[in-house]
Amino acid sequence: MGRRHLFTQTIALLTVLAGTLAVPTITVLAKDVTLKQTHVNHKKELKGGTLKVGYPSNTNFKGIFIQELGTDSETNRLAELGQSGLFRKDKNGKYVKGGLADVSFDRGSKTALITIGPKTRWSDGKPVTARDMAFVYEIIANKDSTSEYYSDALETIMGMKEYHEGKADKISGLQIKDSKHLLIHYKKMTPAMEYVDSGYLYNDAQPYHYLKDVPMSKMAQSDKVRKHPLFFGPYTIKKVVQGEAIEWVPNKYYGGKKPKLDKVVEEVVPVAQIAEAMRSHKNDVILHESRATYAKTSKVDQYVTLGTMAYGLQYMGFRVGDKGANGTSVLDKKLVTNNRSLRLALAYAMNTQQIVKEYGAGLQKWANSMVSPAYGAYHDNKIKPYYQNLKKADQLLDRAGFKRGKDGYRTQPNGKELTLHLLDQASGRGNDEIRANYMQLWKKIGVRVELVNDRPLEFNTYEDLLHSNSHKFDIWFGNWSLGQEPSTAATAAYSPKSSFNHGHFVTKENTKLLKSLNSEKAFNPKYRIEQMHKWQEYMRKEAYVVPLSYSYDLTAVGKNVKGMTVDDSTQLTVWDNVCLRQIARNNLNEFSDAD
């Protein structure tokens, strides 16, 4: 089953182009790299034991253990041991029976009935209830909660908009039939609803009995969320070293398979130290292993690397508008970035194909569209990427009236100075080299680009600025992590009301295409695929967002580990069968009780 991505309901922001990587099915091939999804180990298993997990990052995790309030990928990934999802899915991401809760849809009555399993309990022993599921929607829709996940998809629930705007004190479309049954009434049904984590129905619950007295405005900072959270997944937190490490122990009330480990210790490891940590086998599992680390350690004998192609992508975005008073994005035609010739010129100046080849370590593919090949037929492989063509880039700018001055730099068509400000994250030497390469190429076509604050920013600062509706940046490098529902690639970040529409890109044509993806006609897969292809072609033509690369998500697994898989369709969670085999381990630093 696996917990939902925080892009499942909409999107979760991860790292930028040359930082860590993002994640169907038995084996995938990335150029000359073959990656399996499951580590098969026939050795005898050890009863209990402590699993050491490393997460490569140069940034501390924020530690907001409510998925609806957090946005950093570090916390989201590290919390998967406790924040598993309620529903089970197949290899395509669609609902199947057998989860901690099940759902049935009725298109005639426009309802979804959620049935919570009798054994589904919180880590304090209290049962997970329908009230807990309704509480999730209240957290997201309440304007005081600081949640960034309110979306157009949620507004299909009856009464959601009225609650969000403060016109109602409850969401009328959430009907609690009894403690184990929640009936959701929708204004319309969509084909996206067939998928777990589509954003129309949340794959989560939050403990109402535990959090009901915490004000929405203070919930994200509450000790009940940061230090002593409750979970319904296989493990629960015993100790947190804020931003650095988490100690997990089995949730004795877990409604699924009994956890096999006595303890799991997760720690954030600086990216530069990961290779050495692997060589000395400091960690049994490395989550979200980076390309740079893989290039150095792929032949380290004591590890096996598992991987799948990501549903998201690395991209370059343009800020072309602002967020309106009601949270809806509004295009600002006065911004120079709204000049399509300028956007296209920057895209055609980039040597992305070469960058992917030289820096991708065989684990990236040059992106031709905004939809990853991981979505199968929904990806349009006929769309051409932006091949580097400096001559074409120059011509586009010349014809659009961007004149070169004696210093070689261009002015805007209105005669004003042209300087674009680039927002990027500090994530290592490789990323610095890639960024400098692009900035040099833009200089060649006469476009002056400067870094925000004259430097790449620490991740949390970068993320805060990206989410802030700031005017400090004109373009940025980013990475989307998406769920398996195909239209998420379009709707999650590019709809008018999405809080992840960082560029505030809104056009009538785009909105029309997005609506078509979940219309009544879209229940016909052929029509839906056609509309997805039209959206991809539209995005290529307009270049409001420039796709750069698709990546493979990597998990390095020690050969002393059994039962590890990155395929969350084969069992309730990817941690269901994880245990250690009976061998001696050396060089393992114990989690200090003094921390």
Side-chain angles (χ1 to χ4, degrees), residues 3 5-6 12-16 19-22 50-83 123 145-148 211 214 218-231 233 235-249 263-274 276-278 282-290 293 424-428 431 455-468 478-479 481 555 588-595:
R3 64 173 294 282
H5 295 271
L6 270 184
L13 183 65
L14 295 181
T15 53
V16 295
T20 53
L21 300 173
T50 298
L51 185 78
K52 297 282 190 174
V53 178
Y55 187 95
S57 178
N58 295 327
T59 301
N60 287 347
F61 62 85
K62 290 185 176 181
I64 300 174
F65 295 107
I66 285 188
Q67 302 174 70
E68 294 73 29
L69 297 179
T71 57
D72 67 308
S73 60
E74 285 85 0
T75 301
N76 298 338
R77 193 68 184 266
L78 292 170
E80 288 181 359
L81 283 153
Q83 290 177 339
S123 47
S145 74
T146 72
S147 175
E148 297 196 22
L211 297 173
V214 180
K218 298 180 180 180
M219 190 171 291
Q221 304 304 321
S222 167
D223 283 354
K224 288 186 174 183
V225 170
R226 287 180 169 267
K227 294 182 179 180
H228 310 292
L230 298 182
F231 300 100
Y235 292 88
T236 189
I237 288 177
K238 180 179 181 181
K239 187 189 302 183
V240 178
V241 178
Q242 192 60 43
E244 298 177 10
I246 309 173
E247 180 180 343
W248 298 84
V249 293
K263 187 191 298 184
V264 180
V265 176
E266 297 180 308
E267 62 175 344
V268 173
V269 183
V271 174
Q273 297 177 20
I274 279 289
E276 182 55 37
M278 290 176 69
K282 182 181 178 182
N283 302 103
D284 303 305
V285 175
I286 303 294
L287 296 175
H288 217 54
E289 183 187 4
S290 73
T293 302
D424 198 4
Q425 177 203 160
S427 58
N431 193 56
R455 66 184 187 277
L457 304 181
E458 179 271 337
F459 178 71
N460 289 325
T461 304
Y462 160 90
E463 182 185 297
D464 290 344
L465 191 58
L466 192 59
H467 285 251
S468 69
N479 185 330
S481 176
T555 299
L588 294 180
N589 295 325
E590 291 302 323
F591 191 90
S592 173
D593 290 333
D595 287 332

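The model shown is predicted, which means the values in this text are computed figures rather than measured ones.
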>> Looking at every heavy atom in both E289 and P56, which two are closest together, and how far apart are they?
In response: CA-CG, 4.2 Å

> Of all residues at least two apart in sequence or in a different chain, which pass the side chain to side chain contact (heavy atoms under 4.5 Å, CB included) check with K224?
Replying inline: Y210, L211, V214, S222

> Who pairs with F231 by ring-ring contact (aromatic ring centres under 6.0 Å, His included), at least two apart in sequence or on another chain?
Replying inline: W248

> So, T236 side chain and S123 main chain: donor-acceptor pair closer than 3.5 Å or not?
Replying inline: no

> Taking all atoms of both residues into account, what is the closest heavy-atom pair of M219 and V225, and its distance?
Replying inline: O-CG2, 3.3 Å

> How long is the span from the CD atom in Q67 to the OG atom in S147, to the nearest 0.5 Å?
Replying inline: 11.5 Å

> Do you know the tightest heavy-atom contact between L457 and L465?
Replying inline: CD1-CD2, 4.0 Å

> Say you draw a straight line from CD1 of I246 to CG of L78; how long is it, rounded to the nearest 0.5 Å?
Replying inline: 5.0 Å

> Excluding sequence neighbours, so at least two apart, what forms side chain to side chain donor-acceptor pair (under 3.5 Å) with T555?
Replying inline: none

>> Under the criterion side-chain contact (heavy atoms from CB on, under 4.5 Å), I'd like the reasoning laid out for V264 against T50: C-alpha separation, chi angles, the key distance, then a yes or no.
In response: CA-CA 5 Å; V264 180; T50 298; over 6 Å; no

>> Using only atom types and a distance under 3.5 Å, with no angle test, would you say the side chain of N431 pairs donor to acceptor with the backbone of Q425?
In response: yes

> Out of curiosity, K282 NZ to D284 CG, how far, rounded to the nearest 0.5 Å?
Replying inline: 12.0 Å

> Between G63 and Q242, which heavy-atom pair has the shortest distance, and what is it?
Replying inline: CA-NE2, 3.9 Å

> Mind checking whether S145 and L69 have side chains closer than 4.5 Å, heavy atoms only?
Replying inline: yes

>> Just verifying a value: how many Å separate R455 CZ and D424 CG, rounded to the nearest 0.5 Å?
In response: 13.0 Å

> What pair of heavy atoms forms the shortest contact from Y462 to G478, and how long is it?
Replying inline: OH-CA, 3.5 Å

> V249 and K238: side-chain contact (heavy atoms from CB on, under 4.5 Å), yes or no, with the steps?
Replying inline: CA-CA 6 Å; V249 293; K238 180 179 181 181; 4.0 Å; yes

> Stepwise, does the side-chain contact (heavy atoms from CB on, under 4.5 Å) test hold for K239 with I237?
Replying inline: CA-CA 6 Å; K239 187 189 302 183; I237 288 177; 5.6 Å; no

> For T461, what residues pass the side chain to side chain donor-acceptor pair (under 3.5 Å) criterion, not counting sequence neighbours?
Replying inline: E458

>> Can you list everything that forms a side chain to side chain contact (heavy atoms under 4.5 Å, CB included) with T75? Sequence neighbours excluded, please.
In response: F61, K62, F65, D72

> Just how far is it from atom CD of E247 to atom OH of Y235, taken to the nearest 0.5 Å?
Replying inline: 12.5 Å

> For N58, which residues count as a side chain to side chain contact (heavy atoms under 4.5 Å, CB included) partner, sequence neighbours excluded?
Replying inline: P270, V271

> Hey, are E267 and N283 close enough side-chain-wise for a donor-acceptor pair under 3.5 Å?
Replying inline: yes

> Under 4.0 Å between a Lys/Arg side-chain N and an Asp/Glu carboxylate O for R77 and E74?
Replying inline: no

>> Within this structure, what is the OG-CD1 distance for the pair S57 and I274, rounded to the nearest 0.5 Å?
In response: 9.5 Å

